[in-house]
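Chain identifiers are assigned alphabetically (A, B, ...) following the order of the sequence lines, protein sequences preceding nucleic acid strands; residue numbering begins at 1 within each chain.
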Protein chains: 2
Amino acid sequence: MELVQKNKCFDGEQQVYQIESKYLKGKTKFSVFMPTQALQGQSCAALYYLAGLTCTEETFVIKAHAQRLAAQLGIILIAPDTSPRGENVAQGDSWDIGQGAGFYINATQAPWSEHFQMESYIINELYPLLNEALPIQADSIGIFGHSMGGHGALTLAWKYPQFFKSVSAFAPICAPSLCPWGEKAFTAYLGADQSTWADHDATQLVLKKGALFKEVLIDQGLADQFYSQLNPEKFQQACQSVDQHLTLRQHDGYDHGYFFIQSFIDDHLQFHALQLQD
Amino acid sequence: MELVQKNKCFDGEQQVYQIESKYLKGKTKFSVFMPTQALQGQSCAALYYLAGLTCTEETFVIKAHAQRLAAQLGIILIAPDTSPRGENVAQGDSWDIGQGAGFYINATQAPWSEHFQMESYIINELYPLLNEALPIQADSIGIFGHSMGGHGALTLAWKYPQFFKSVSAFAPICAPSLCPWGEKAFTAYLGADQSTWADHDATQLVLKKGALFKEVLIDQGLADQFYSQLNPEKFQQACQSVDQHLTLRQHDGYDHGYFFIQSFIDDHLQFHALQLQD
């Protein structure tokens, strides 16, 4: 775990690390915000943030404006990259597939299966590594994300509820099996047989596994240019049908980008802080 | 004044405009954060932010994290580009001269003098245009900036105290006549005759024109990789010698970048809000 950058920030430290990932079969970067409490060795809650299409481990750090309140609340923020990277890694034909578009699943289809193992990377490699390396309170870890990363947060939370105590999302892709982005990615990464898709679709996971969290928070802009890809109502219906408590806030005039996210980031941090201290 | 982008942000709007500038002789962009109060037509205080070397009108908007508190305080934030731009605009031999490095002065030397008229652009074009186009309270306008833009903020404040009621800076170039960045830029833009430089050097302007502001705030990181270019102590001495009240805060461990700026941006907004409501 090589520290490649650090900058003091709100009395804590914004860091970037690089590791050689066995699942991604290559170098990958992730960023960590360490509040001053964590730098002093105090055990802290941690929040994984999964970013959306075209983003990297830098996007959240620069654009989401989360450090101020995370510093106050004493929360460690962790942001992995959105896919494997490198010259020897398969590249897609556009920005919504391949590098920058890992969808937080394990690809089973060539050429993607060689490197695109984002689910295993996060759950079986990054998560235990950071629990070991950082002063993380193991029973106070939450996950959130945006768009493709909102899909990632919801699905990883429903797949691994023992790992994540709280989950929220900004404009998540709630039903990837039913939207162009998801259909394209799942066909490429998982193959055309849609029976394999259900386990990676947040709406279907909720229907299958039921209510797993005390509360889930989703913020959605009503001027979101990608609204038709997101299907928050389908996720809401699934939650209702299994009695999963969901707060779905729909915000007039907000679009899909980080000006929307920064406007509500504090609410998400407060939401997780409350859930994680329970 | 063409609106080229807008995004809802903290119930206000983050906007980007483009104009054809008569001083820069070409198109230039600037960004404006309009708090909801301003969108509703209420007269608001305004703050000009001048960015540093290599930056654009976007940098402050994405990296400084100022919108949250500006929305609460009802302050309009204005961020111009850092130089003229375009294929027909002179380009320098490196990142510290030419496009992205306008130094907020009017060049007198070829080839720069043709387009590099940033001082006149801001003071005689942008400022009156925005006072006309936006609901700005004309007697509640402040200016701040970072590095080269900190130099810009201090010098424009001392040159045009009738236009700016408050001034602050992050890691400003306080004595450009005495540091490599400033020597290179001033030689190129103003010529080798250093007698012309004094009117564009914050430290010398303070010595010449005396105390003009009730209070000035400067934040400086002590791990700033460009500390030797900045000379805050020289500016402090000049302020002391003319009884200009200056709060120079030196912060252990902080570097020159926007993680430093975001850590103290709220203090600057509060500082200006207090000065501007006087």
### Query
Quick one: does B:Phe259's side chain get under 4.5 Å of A:Glu13's, heavy atoms only?
no
### Message
So for atom CD, which belongs to B:Glu132, do other residues, nucleotides or ligands contribute more than 12 heavy atoms lying within a distance under 6.0 Å?
### Response
no
### Query
For A:Lys29, does the NZ atom have more than 12 heavy-atom neighbours from other residues, nucleotides or ligands under 6.0 Å away?
no
### Message
For the CD atom of B:Gln14 and the CD atom of A:Gln262, what is their distance to the nearest 0.5 Å?
### Response
7.5 Å
#### Entry: NZ/B:Lys6: more than 12 non-hydrogen atoms of other groups inside 6.0 Å
no
#### Entry: Check: B:Asp252 main-chain N/O paired with A:Lys8 side-chain donor or acceptor under 3.5 Å
yes
### Task
Find out whether B:Lys63 and A:Lys63 are in side-chain contact, i.e. whether some heavy atom of one side chain is under 4.5 Å from a heavy atom of the other.
no
### Query
Under a 4.5 Å heavy-atom cut-off, does chain B meet the side chain of A:Asp11, its backbone, both or neither?
both
### Task
Could you look at A:Asn7 and say if it's the side chain, the backbone, both or neither that has a heavy atom under 4.5 Å from chain B?
both
### Summary
Taken to the nearest 0.5 Å, the spacing of B:Arg68 CZ from A:Arg68 CZ works out to 3.0 Å
### Task
Can you establish whether the number of heavy atoms outside B:Lys165 located under 6.0 Å from its atom NZ is more than 12?
yes
### Query
More than 12 non-hydrogen atoms from neighbouring residues, nucleotides or ligands closer than 6.0 Å to CD on A:Glu58, yes or no?
no
### Query
Rounded to the nearest 0.5 Å, what separation is found between the CZ atom of A:Phe260 and the SG atom of B:Cys9?
11.5 Å
